Amino acid sequence: MPGLAAPLIAWYGQAARDLPWRREGFGAWGTLVSEFMLQQTPVARVIPHLEAWLTRWPTPSDLAASSPGDAVTQWANLGYPRRALWLHRAAVEIRDRHDGVVPREVEALLALTGIGDYTARAVAVFAYGDRHPVVDTNTRRVLARAVDGAAQPGPPHRRDLVAMAAELPDDVAEAAVVNAAAMELGAIVCTARSPKCELCPLAGQCAWRAAGYPESEDRRRKQATYEGSDRQARGAVLRVLRDAAPCPVQLVAVLPDWPDAAQRDRAIDSLVTDGLAEAFDGILRLPGHPAS
DNA sequence: GATCCGTGGCT
DNA sequence: TAGCCAAGGAT
């Protein structure tokens, strides 16, 4: 097995997209915010929100000084608003534990709210230039096809980190490029549907291609139907609160015509439980500053 | 380890 | 058109 590093590096040099977080000197905070936003939200939707966010809150301490509700409002329609709450908590943790500086060590990053195996290593590698395997859904698909000969990766697993580590050159800078290149290849060439194998720098050594593109059992979990779901109800309630912000709304005025009143009330309760909303005295609002 | 969590574009 | 999919993480 020749290894993926050399062709990935050469390809990335001429095919990489020009993205904001790849600009020289973008900064660790910008990288961290971008990675939060990119968790399950496509690049094209993230870019304008990222720039607005960093203009409003140029440092972790700036965000930490605002209320969680302000973060949720600024998050707008990026989806999964818990990420806004977690990003705000992470900013508070960075201010309180790390003197306002995004930490560099993976262990310290993993200890922050909302940061897991992917985001911790992405920050350590792309912001600080350290050598770790960075594995996202794109990388897992590239490895599944090129190395394992499978059409689709299995569910995410810790062993994916080991598989990617085996592909990294010893050189620190080259290792970072290989991480970025594997993600980029999965994003724009080795895509989930209709991959562009004629443009792939790994075509000559791809195990899946060599095997004749066999269908493999797709063990990924299917997403639940959104229409009519509790998630849809939560999203609708939160949209009401965002649109009214910074004003609270009367509880009785929250989606009075929602088709399933019990589901609506369940959504409100779960949002309160999650810390995305506060209810008292017959009103509902986004979370304010914690009492001090 | 299985489930849950938003939103919108693409095929 | 209705699913499929998207730089995951917490519980």
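Numbers restart at 1 for each chain; the letters A, B, ... are given by sequence-line order, proteins then strands. Predicted model only: the values in this text are computed from it and were never measured.
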Counting N and O atoms only, with roles assigned by atom type, does the side chain of A/Glu93 sit under 3.5 Å from a partner on the main chain of A/Thr113, one being a donor and the other an acceptor? yes
Is it possible for you to say whether A/Leu32 and A/Val125 belong to one hydrophobic cluster, with membership spreading through side-chain heavy-atom contacts below 4.5 Å? no
Partners of A/Arg45 by side-chain contact (heavy atoms from CB on, under 4.5 Å), sequence neighbours excluded? A/Thr41, A/Pro42
How is A/Leu276 classified with respect to the nucleic acid when contacts are heavy atoms under 4.0 Å: base, sugar-phosphate, or nothing? nothing
Map A/Glu184 and A/Leu110 onto DNA chain C by nearest heavy atom, then report which one ends up closer to the 5' terminus. A/Glu184
Determine the contact category for A/Trp21: base if any of its heavy atoms lies under 4.0 Å from a base atom, sugar-phosphate if only primed atoms, P, OP1 or OP2 are that close, otherwise nothing. base
State which residues pass side-chain hydrogen bond (donor to acceptor under 3.5 Å, both in side chains) with A/Glu174; sequence neighbours excluded, sorted by chain then number. none
Looking for any heavy atom pair under 4.0 Å, which part of the strands does A/Phe36 touch: base, sugar-phosphate only, or nothing? nothing
For DNA chain B, what residues of residues 228-236 of chain A have any heavy atom nearer than 4.0 Å? A/Arg231, A/Arg234, A/Gly235
For A/Ala122, which contact category applies under a 4.0 Å heavy-atom criterion: base, sugar-phosphate, or nothing? nothing
With side-chain hydrogen bond (donor to acceptor under 3.5 Å, both in side chains) as the rule and sequence neighbours excluded, what pairs involving residues 117-126 of chain A come up? A/Glu35-A/Tyr118, A/Gln39-A/Thr119, A/Asp117-A/Arg121, A/Asp117-A/Arg158
When the C1' atoms of C/dA10 and B/dG1 are considered, how many whole Å apart are they? 13 Å
For B/dG6 and C/dC4, measure between their C1' atoms and round to the nearest Å. 15 Å
Using whole Å, what does the distance between atom P of nucleotide B/dA2 and atom NZ of A/Lys222 come to? 15 Å
With side-chain contact (heavy atoms from CB on, under 4.5 Å) as the criterion, how do A/Leu87 and A/Trp53 come out once you've worked through the C-alpha distance, each side chain's angles and the decisive distance to 0.1 Å? CA-CA 11 Å; A/Leu87 178 52; A/Trp53 189 283; 3.5 Å; yes
Quick one: are the ring centres of A/Phe36 and A/Trp86 less than 6.0 Å apart? no
Classify A/Arg17 by what it touches in the nucleic acid, base, sugar-phosphate, or nothing, heavy-atom distance under 4.0 Å. base
Name every residue in residues 83-97 of chain A that has at least one heavy atom under 4.0 Å from any atom of DNA chain C, in order of residue number, or write none if there are no such residues. A/Trp86
If you group Ile, Leu, Val, Met, Phe, Trp and Tyr whenever their side-chain heavy atoms sit less than 4.5 Å apart, what else falls in with A/Leu110? A/Val106
What integer number of Å spans the C1' atoms of C/dT11 and B/dT7? 23 Å
Does anything in residues 233-250 of chain A form a salt bridge (charged side-chain N to carboxylate O under 4.0 Å, His left out)? List the pairs, not counting sequence neighbours. A/Arg234-A/Asp274
Students often get this wrong, so: under 4.0 angstrom with heavy atoms, is A/Leu238 touching a base, only sugar-phosphate, or nothing? nothing
For A/Phe280, what are the other residues in its hydrophobic cluster, where any two members join if their side-chain heavy atoms are less than 4.5 angstrom apart? A/Ile283
Write down the protein N/O and nucleotide N/O pairs, taken from nucleotides 8-11 of chain B, whose separation is under 3.5 Å; answer none if there are no such pairs.
unit_1	atom_1	unit_2	atom_2	d
B/dG8	OP1	A/Asn77	ND2	2.8

Not counting sequence neighbours, which residues clear side-chain hydrogen bond (donor to acceptor under 3.5 Å, both in side chains) with A/Trp57? List them please. A/Ser66
Going by the side-chain hydrogen bond (donor to acceptor under 3.5 Å, both in side chains) test, which pairs reach into residues 251-260 of chain A, not counting sequence neighbours? A/Trp258-A/Gln263
Protein-nucleotide distance (A/Asp274, atom CG; B/dC4, atom C1'), rounded to Å: 10 Å
Give A/Thr225 one of three labels, base, sugar-phosphate or nothing, depending on what nucleic acid heavy atoms sit under 4.0 Å from its own. nothing
Of all nucleotides in DNA chain C with an atom under 4.0 Å from a non-hydrogen atom of chain A, which is the first and which the last going 5' to 3'? C/dG3 to C/dA10
With heavy atoms under 4.0 Å as the rule, sort A/Pro81 into base, sugar-phosphate or nothing. sugar-phosphate
Under 3.5 Å: donor-acceptor pair, side chain of A/Arg22, backbone of A/Arg17: yes
Under 3.5 Å donor-acceptor, A/Asn179 side chain and A/Val134 backbone: yes
Applying a 4.0 Å non-hydrogen cut-off, can you work out what A/Arg242 is touching in the nucleic acid: base, sugar-phosphate, or nothing? sugar-phosphate
Heavy-atom pair with the smallest gap, counting every atom of A/Met164 and A/Pro133: CB-CB, 3.9 Å
DNA chain C nearest-nucleotide lookup for A/Gln152 and A/Asp117: closer to the 5′ end is A/Gln152
Touch class at under 4.0 angstrom, heavy-atom based, for A/Gly116 against every strand present: sugar-phosphate
What is the nucleic acid contact for A/Thr191, judged by heavy atoms within less than 4.0 Å: base, sugar-phosphate only, or nothing? nothing
Whole-Å C1' distance, B/dG8 and C/dT1: 15 Å
